[in-house]
Every structure is written in C-alpha cells, then in structure tokens.
Amino acid sequence: GAVVSQHPSWVICKSGTSVKIECRSLDFQATTMFWYRQFPKQSLMLMATSNEGSKATYEQGVEKDKFLINHASLTLSTLTVTSAHPEDSSFYICSAPPKRGRGYTFGSGTRLTVV
Amino acid sequence: AQSVSQHNHHVILSEAASLELGCNYSYGGTVNLFWYVQYPGQHLQLLLKYFSGDPLVKGIKGFEAEFIKSKFSFNLRKPSVQWSDTAEYFCAVGLNRDDKIIFGKGTRLHILP
C-alpha cells in the first residue's frame with residue numbers, strides 16, 4: 001500500500017535554530033502534501049498544503065516565514081521550522097491526499113521539542 | 001466554515017460495554033468520512049472510511065460507523081469494547097473539492113479492565 005516516510009521521528013533543538021522535516025512518498029507520486037500540527041491533548045490542525053512546482057498554501061494564522069514548505073519533487077515535501085521557539089514544540093504530521101479510493105496516507109509524525 | 005464536532009471529549013467504559021462516539025460535520029458539499037485512532041505514543045491509524053455506497057461501514061478491530069446524510073453524522077460504534085481499545089479517536093471529514101481533511105477535537109476513550 002501507499003506509504004509516506006517522515007523523518008526525523010523526533011528532534012530536540014535549541015531556541016533560534018531551524019529544523020527541517022521531510023516527508024517522502026515511497027511508492028507513489030504525491031503532487032500535494034498536507035502538513036498538520038498536533039499540540040498535546042488536542043486535535044490535528046492543518047497548517048498548510050504543499051504543491052509540487054508551486055507555492056504552498058497556508059491556513060489562516062500560520063506564519064509563512066516561520067514555517068517554510070517546499071515541495072521539491074513528486075516524492076518529497078519538506079517543512080522547515082525557522083528560528084524555532086519553545087512554543088513551536090509540537091507533533092508535526094504530513095499527509096498525502098487520497099487517490100482512486102485510497103484514504104489519506106499519513107507520515108508517522110515528528111515530535112519537535114525546542115529547548 | 002467547515003467544522004467537525006465530536007460530542008464526547010472523554011469517555012470511560014468498562015470492558016464488554018458498548019461504545020458509540022458521536023461525530024457531526026458542517027459542510028454542504030460532497031465529503032469523505034473517516035475515523036482514526038491514536039494509541040498512546042503511536043501515530044494515527046485509520047479505523048474505517050466512507051467514500052460512497054453502503055452508509056454502514058465496517059472497519060478494523062470490530063468497529064463500525066454509520067453515515068446519516070440527513071443528520072450530517074458519522075457515529076462510531078463497537079458492541080463490546082476491550083481494554084486495548086484505550087486510545088484517542090478522531091473523526092475526520094475530507095472535502096472533495098480540495099482534498100483537505102478536517103479533524104474533530106478527538107475523544108479520549110479509557111477502558112477499565
């Protein structure tokens with residue numbers, strides 16, 4: 001079945017540094033990738049939609065300059081958290097949309113802790 | 001704006017009890033409906049999905065859900081829960097127009113052994 005590989009699974013970084021999270025579709029091409037954030041004990045909130053070959057679409061309230069999204073190829077989408085702060089600590093998940101009756105395919109998530 | 005409401009934030013049941021978790025959505029267009037489960041320390045796992053056809057959908061681990069279009073609902077059910085069902089359950093609605101998926105706030109289910 002369709003698999004989305006997300007790396008790293010967890011990362012700890014210092015305030016002010018940047019962190020890159022990668023999502024790769026392993027056995028299919030994903031022209032679109034959704035990026036979500038899940039705070040502890042809360043639901044997943046859609047942050048942005050990356051589109052291969054064009055700019056990402058950000059949801060209201062999400063800082064474009066802070067959360068840089070790049071969809072470099074049909075199999076790779078990246079989220080870079082720039083100048084990270086402790087309040088950015090969260091669980092970030094990517095997801096590829098359904099095709100031909102296949103449900104959404106989620107990455108395994110990245111737990112980011114900013115200290 | 002589109003939204004997904006899960007009525008129960010925290011449910012506590014004893015083993016063998018029956019379960020029903022409510023989910024309602026607000027969106028007038030065509031939707032796909034999902035229930036996801038997140039076990040402690042693990043990532044999201046699809047329980048079941050509805051795209052079209054029979055509104056009663058059967059998923060993994062004995063779960064089922066019924067899509068009632070007139071009520072904009074997609075409630076999750078299980079006739080007899082087990083301790084291993086302790087997890088957080090998310091209802092989600094996929095909007096056909098742009099493939100976005102919107103999640104409910106989740107229901108934390110705790111099964112007492």
Side-chain angles (χ1 to χ4, degrees), chain A residues 1-10 21 23 25 28 30-52 54 56-62 71 77 90-112, chain B residues 1-11 21 23 25 27 30-54 57 59-60 63 65 74 87-110:
Chain A
V3 174
V4 171
S5 176
Q6 183 171 348
H7 295 281
S9 56
W10 62 273
I21 302 170
C23 274
S25 56
F28 66 100
T31 55
T32 301
M33 195 75 77
F34 299 109
W35 286 93
Y36 295 87
R37 179 170 54 187
Q38 184 183 27
F39 289 110
K41 299 182 180 181
Q42 295 187 31
S43 188
L44 281 78
M45 297 299 296
L46 180 63
M47 299 174 64
T49 304
S50 72
N51 303 291
E52 191 270 337
S54 63
T57 305
Y58 290 81
E59 297 300 304
Q60 195 172 11
V62 177
H71 203 121
S77 176
S90 187
F91 193 59
Y92 294 86
I93 306 173
C94 60
S95 170
K99 294 291 183 187
R100 298 189 191 92
R102 167 176 60 80
Y104 291 84
T105 304
F106 286 87
S108 54
T110 298
R111 185 164 301 282
L112 170 64
Chain B
Q2 302 87 21
S3 66
V4 179
S5 298
Q6 290 183 241
H7 316 299
N8 315 100
H9 297 296
H10 195 182
V11 174
L21 301 182
C23 174
Y25 65 94
Y27 180 65
T30 306
V31 296
N32 299 319
L33 300 162
F34 307 84
W35 275 97
Y36 287 90
V37 61
Q38 188 173 30
Y39 296 103
Q42 297 186 28
H43 62 276
L44 284 173
Q45 180 179 353
L46 180 67
L47 270 180
L48 47 79
K49 62 182 185 290
Y50 171 81
F51 277 58
S52 63
D54 188 345
V57 180
I60 61 172
F63 287 91
F74 191 55
E88 188 146 19
Y89 294 80
F90 294 96
C91 179
V93 175
L95 310 181
N96 271 13
R97 65 148 199 250
D98 57 11
D99 278 340
K100 283 184 183 179
I101 183 171
I102 301 172
F103 287 84
K105 290 186 182 295
T107 297
R108 191 171 292 272
L109 175 65
H110 192 104

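We name chains A, B, ... by the order of the sequence lines, and we start the count at 1 in each one.
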Start with the C-alpha distance between B/Ile101 and A/Tyr36, add both sets of side-chain angles, then the distance that settles side chain to side chain contact (heavy atoms under 4.5 Å, CB included), and finish with yes or no. CA-CA 10 Å; B/Ile101 183 171; A/Tyr36 295 87; 2.3 Å; yes
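Of the atoms belonging to B/Gln6, not a single heavy atom falls under 4.5 Å from chain A. Only the side chain of A/Leu46 comes within less than 4.5 Å of a heavy atom in chain B; its backbone stays farther off. For chain B, the nearby part of A/Glu59 is the side chain; its heavy atoms alone come within less than 4.5 Å.
With a 4.5 Å cut-off on side-chain heavy atoms, B/Leu46 and A/Phe106 do not count as touching.
Distance check: B/Glu88 CD to A/Ser43 OG gives 7.5 Å after rounding to the nearest 0.5 Å.
When the side-chain contact (heavy atoms from CB on, under 4.5 Å) test is applied to A/Thr32, the partners found at least two apart in sequence or on another chain are A/Phe34, A/Thr49, A/Asn51, A/Pro97.
The greatest number of non-hydrogen atom pairs below 4.5 Å with chain A, out of B/Gln38, B/Arg108, B/Gln45, is found for B/Gln38.
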